[in-house]
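Please read the structure below before turning to the comments.
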Amino acid sequence: MRTVAVVGASLAGLSAARSLRQQGFDGRLVVIGDEVHRPYDRPPLSKEFLAGTLGEAELALESDDEDLRAEWLLGSRAVGLDRTDRAVRLADGREVRADGVVIATGAAARSLPGSEGLAGVHTLRTLDDARALRDELARGGRLVVIGGGFIGAEVASTAYALGLDVTVVEVAPTPLAGPLGAAMGAIVSALHADHGVRLLCGVGVKGLSGETRVDAVLLEDGRTVPADIVVVGVGARPCVEWLEGSGVVLDNGVKCGADGRTSLAGVVAVGDCANWYDPRAGLHRRVEHWTGARERPANAVATLLAGGAVEPAVPRPPYFWSDQYGVKIQFAGHAAAADSVTIEAGAADTRDVLAVYRRAGDPVAVLGMNQPRPFMRWRKQLAAATS
């Protein structure tokens, strides 16, 4: 294998490039990214960076002395993949031919239909998104966050600390019920009410009002919520449109084996766009978490370099964290696999919970709120039990 193209220059793409060099690949390495920025860390965008306590230089994922001997094609969007010669076609007309391809194009924030061109309406996924939103929040005013997931909750927490008047609108009866289950989702989302942030649940958004700039959010039950700024946090879609017609099977992202292998030989996928097979559950999962983007590329690269002739390692259970209103929230595993959840330490009303999710008595997930040490012990147990 003489040339490998990594399509995507965020954490998953950078992790793949690093793994290629660490695993002995000494050929031509091309990293393609649609943003003009070098790889940067995304989790702080909704927290420290948005609050103005962390600068852009501190977001950098590369050290000053790191040299992957790679060709960086930044500001270059991939628009197609030729299956016959593994040529990645770029929007500017160039092509990158490679013996191996790592797909790491990530996911893009979903927008609210009808909000195009209306000032004051934001999504938060990229550094440019965060720059624009930070400038608006600095002016103060009334913020409405549409979507009570982790990104929406973190933005609400940051804006509250900056002194804004904040309302969160969530269509589900309980925020975070998907990743955490209804019981624990209710406990975590109660942080909003603890700090005077309004939480409107079980109601959808009909639309936005305003001529050139948003001035209110219109709810489906007829209510109107005044707004100077709106943040839409309603999930993300995998960036895989450029692969249509390539022969790469798409199903909620790029459909992969347990080792990141796609339907095309010499092509693997990692990060938020990759729908990996989970041998423990017997189904495919797309994991949109920082740790997955950092850890799983090593397995995919090993598969790529060996031509699929290696036994795939079992990935560790998904892990993510969130910081909201001064509370550190950590989660590992899959809440949907559980048939029970019990609080093992702390108390719900003091928001310092350690909760263990079980199925038929066996632990399948763990949640910690300001319980870092016991949480990490349980996370290690969970990884050992599922390996």
Could you go through the side-chain contact (heavy atoms from CB on, under 4.5 Å) check for His37 and Leu74 one step at a time? CA-CA 7 Å; His37 311 293; Leu74 300 178; over 6 Å; no

Answer yes if the ring centres of His192 and Tyr325 are under 6.0 angstrom apart, and no otherwise. yes

Kindly say whether the aromatic ring centers of Tyr40 and Phe49 come within a distance under 6.0 Å. no

Closest approach of [X] to [Y] (non-hydrogen atoms, all atoms of both residues):
X      : Y      : result
Glu136 : Ile229 : O-CD1, 3.6 Å
Cys256 : Thr262 : SG-CG2, 4.4 Å
Ser246 : Leu243 : OG-O, 2.6 Å
Val203 : Glu220 : CG2-N, 4.1 Å
Ser111 : Thr123 : CA-CG2, 4.4 Å
Ala12  : Gly271 : CB-CA, 3.7 Å

Roughly how far, to the nearest 0.5 Å, is [atom2] of [Y] from [atom1] of [X]?
X      : Y      : atom1 : atom2 : value
Ile32  : Arg94  : CD1   : CZ    : 8.5 Å
Leu283 : Asn275 : CG    : CG    : 9.0 Å
His195 : Ser157 : NE2   : OG    : 7.5 Å
Ser322 : Lys47  : OG    : NZ    : 5.5 Å
Leu162 : Arg139 : CG    : CZ    : 13.5 Å
Arg373 : Gln371 : CZ    : CD    : 11.5 Å

Has the side chain of [X] got a donor or acceptor atom that lies under 3.5 Å from a matching backbone atom of [Y]?
X      : Y      : result
Arg69  : Arg21  : no
Glu295 : Gly292 : no
Thr174 : Ala177 : no
Arg86  : Arg83  : no
Glu71  : Val30  : no
Thr158 : Ser46  : yes
Arg261 : Val268 : no
Thr3   : Asp99  : no

Side chains of [X] and [Y]: is there a donor and an acceptor less than 3.5 Å apart?
X      : Y      : answer
Thr350 : Asp352 : yes
Asp272 : His289 : no
Glu344 : Thr342 : yes

Would you say the side chain of [Y] lies within less than 4.5 Å of the side chain of [X], judging by non-hydrogen atoms?
X      : Y      : answer
Ile187 : Met184 : yes
Val4   : Leu304 : yes
Leu164 : Arg142 : no
Met376 : Gln330 : yes
Pro44  : Leu59  : yes
Leu20  : Val6   : yes
Arg377 : Leu382 : no
Val230 : Leu112 : no

What residue among Asp34, Leu90, Thr105 forms side-chain contact (heavy atoms from CB on, under 4.5 Å) with Trp242?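 Exactly one option meets the side-chain contact (heavy atoms from CB on, under 4.5 Å) with Trp242, and it is Thr105.
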
Of Ile146, Leu218, Asp215, the residue whose pairing with Leu208 passes side-chain contact (heavy atoms from CB on, under 4.5 Å): Ile146

Linked, directly or transitively: [X] and [Y] (ILVMFWY side chains, under 4.5 Å):
X      : Y      : value
Val96  : Val248 : yes
Leu180 : Val327 : yes
Val155 : Leu200 : no
Tyr160 : Leu133 : yes
Leu250 : Val7   : yes

Is the [atom1] atom of [X] crowded by more than 12 outside heavy atoms at less than 6.0 Å?
X      : atom1 : result
Arg2   : CZ    : no
Lys328 : NZ    : yes
Glu66  : CD    : yes
Arg134 : CZ    : yes

Where do Trp290 and Tyr319 land on the side-chain contact (heavy atoms from CB on, under 4.5 Å) test, with the steps shown first? CA-CA 8 Å; Trp290 189 93; Tyr319 164 71; over 6 Å; no

With sequence neighbours left out, which residue pairs that include part of residues 335-364 fulfil the ring pair (Phe, Tyr, Trp, His ring centres under 6.0 Å) condition? Phe331-Tyr357

Criterion salt bridge (Lys or Arg N to Asp or Glu O under 4.0 Å) against Arg42, the qualifying member of Glu48, Glu288, Glu35, Glu154: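 Of the listed residues Glu48, Glu288, Glu35, Glu154, the salt bridge (Lys or Arg N to Asp or Glu O under 4.0 Å) partner of Arg42 is Glu35.
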
Is the cationic atom of Arg286 (NZ for Lys, CZ for Arg) positioned less than 6.0 Å from the six-membered ring centroid of Trp276 and within 45 degrees of its normal? no

Should Arg131 and Asp128 count as an ion pair when the cut-off is N to O under 4.0 Å? yes

Check this for me: does any side-chain nitrogen of one of Asp165 and Arg198 sit under 4.0 Å from a carboxylate oxygen of the other?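 Looking at Asp165 and Arg198, the cut-off is met.
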
Applying side-chain contact (heavy atoms from CB on, under 4.5 Å) to Leu11 and Ser15, what does each step give before you reach the verdict? CA-CA 6 Å; Leu11 175 61; Ser15 297; 3.7 Å; yes

Tell me, with the steps shown, if Ile329 and Asp323 meet side-chain contact (heavy atoms from CB on, under 4.5 Å). CA-CA 6 Å; Ile329 302 161; Asp323 296 297; over 6 Å; no

